[in-house]
Amino acid sequence: MSIHEDHRERMRKRFLNEGLDHFSDIQVLELLLFYVIPRKDTNPIAHGLLERFGSLYQVLEAPVEELQKVPGIGPNAAMLLNLISAVARYYMINRRENHKILRTIDECGEYLTSFFVGRRVEMVYLLCLDAKCKVITCREVGEGSVNSANVPIRRIVEIALGTGATSVVLAHNHPSGLALPSGEDIATTRRVAAALSTVDVQLVDHIIVADEDFVSLVQSGYRFDDCVII
C-alpha cells in the first residue's frame, strides 16, 4: 500500500468512527476528492480550493466553471463539489416532509429556510396552506439577480387558486446575508396581498431568508390584511 493509499484509508476509518465533527475544512475536501481523484494527493488541491474561495461552504457553493480554475479540479470533481449543496438542500426539504402542519410563523420560517440552502441568487417561493395550516405545496415562483427578484404576481395568484390554498406565505432570500426587508420588499408584498385578496386567499406573511436566519415582515410590525385593490 502506498503512502497516499494508507493516508486515504486512515481518513475513511476516522470518518466512519468519528464522523466529520473533528475534521478541518481541508480534511473534508480531501475526503470528498478521494472519490473523483483516485491517484493523486488531494491535500494540495484542497488547499488550492480554500485559498481561492476562502471556506468550505464557499467552495461548495462555487459555480462549476470557477471550481475548474483550481489546478487539479476537473469536470467530475467540480460537479461533485457543486452537487453537495444541492443534495443538502434536497435532503433538508425531504426530511421535513413529515412535518407538514405549520401553525406558527416561526414554524413556517424554519420550514422555508431549507429551500434556500446554497442559493447564490435571489429566489422566490410560495408556500400554500389549507384551512388547517397543512402544507399543500411550496413552489418556486421567481428567480432574479443577487440584488432583485422578479415576483410574478399573476403566477402567484394562479398557483394559489390552482392548489386550493386558503392562505399562503411568500418567501425570498437575500444572498447578501442581511435579512432586513427593503422598501421594495414591502411594496411588492402589498401588491401580492392585494392581488390575492381578490380571490379570497390570505397572504399570511412574507419571510426573508439570509444564511440560516429569517425575518418575518409580520413579526417586524408590517400588516397586509388591509391590502385590497380598489
Side-chain angles (χ1 to χ4, degrees), residues 61 63 85-86 89-90 92-94 96-97 99-176 178-211 213-220 222-230:
E61 292 182 2
S85 62
R89 180 169 60 250
Y90 188 96
M92 291 170 70
I93 293 169
N94 190 263
R96 290 182 176 180
E97 284 297 299
H99 183 62
K100 285 195 173 184
I101 297 178
L102 307 174
R103 294 188 175 90
T104 68
I105 289 173
D106 285 339
E107 287 178 352
C108 290
E110 290 171 7
Y111 179 87
L112 285 161
T113 53
S114 301
F115 290 82
F116 299 99
V117 172
R119 297 294 194 185
R120 294 184 293 271
V121 298
E122 287 200 12
M123 307 292 298
V124 184
Y125 279 86
L126 187 71
L127 174 62
C128 298
L129 306 168
D130 68 12
K132 296 182 179 179
C133 297
K134 183 178 180 180
V135 175
I136 301 171
T137 187
C138 188
R139 301 266 188 92
E140 178 187 321
V141 295
E143 178 178 345
S145 68
V146 172
N147 297 318
S148 64
N150 180 29
V151 181
I153 295 177
R154 180 173 179 176
R155 187 179 177 205
I156 287 172
V157 173
E158 288 174 350
I159 290 172
L161 283 174
T163 59
T166 301
S167 59
V168 299
V169 178
L170 193 65
H172 84 280
N173 61 322
H174 282 179
S176 64
L178 295 174
L180 298 175
S182 66
E184 184 179 344
D185 292 335
I186 296 162
T188 298
T189 307
R190 294 186 69 83
R191 290 196 297 271
V192 171
L196 287 168
S197 72
T198 65
V199 293
D200 296 323
V201 176
Q202 180 189 7
L203 178 64
V204 175
D205 203 347
H206 184 169
I207 286 173
I208 301 171
V209 177
D211 295 328
D213 194 14
F214 66 89
V215 167
S216 152
L217 264 63
V218 169
Q219 288 180 339
S220 298
Y222 298 98
R223 288 187 56 196
F224 307 106
D225 53 0
D226 60 344
C227 297
V228 294
I229 294 177
I230 299 174

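Start at 1 with the first residue, then count along the sequence.
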Does a side-chain heavy-atom distance below 4.5 Å link [X] with [Y]?
X      : Y      : value
Met123 : Phe116 : yes
Val204 : Cys108 : no
Thr166 : Leu129 : no
Leu112 : Phe214 : no
Cys133 : Glu107 : no
Val135 : Tyr111 : yes
Leu127 : Leu102 : yes
Glu122 : His174 : yes

Distance-minimising heavy-atom pair for [X] and [Y]:
X      : Y      : answer
Val215 : Pro181 : CG1-CD, 4.3 Å
Ala165 : Val201 : O-CG2, 3.6 Å
Phe115 : Arg89  : O-CD, 3.4 Å

Hey, what do you get for [atom1] ([X]) to [atom2] ([Y]), rounding to the nearest 0.5 Å?
X      : Y      : atom1 : atom2 : result
Asp213 : Ile208 : CG    : CD1   : 11.0 Å
Ile159 : Thr137 : CD1   : OG1   : 8.0 Å
Ser167 : Asp130 : OG    : CG    : 8.0 Å
Ile186 : Tyr222 : CD1   : OH    : 3.5 Å
Lys100 : Cys138 : NZ    : SG    : 11.0 Å
Leu217 : Arg190 : CG    : CZ    : 11.0 Å

[X] side chain to [Y] backbone, donor-acceptor under 3.5 Å:
X      : Y      : answer
Thr188 : Asp185 : no
Asp205 : Val218 : yes
Arg139 : Leu126 : no
Asn173 : Val209 : no

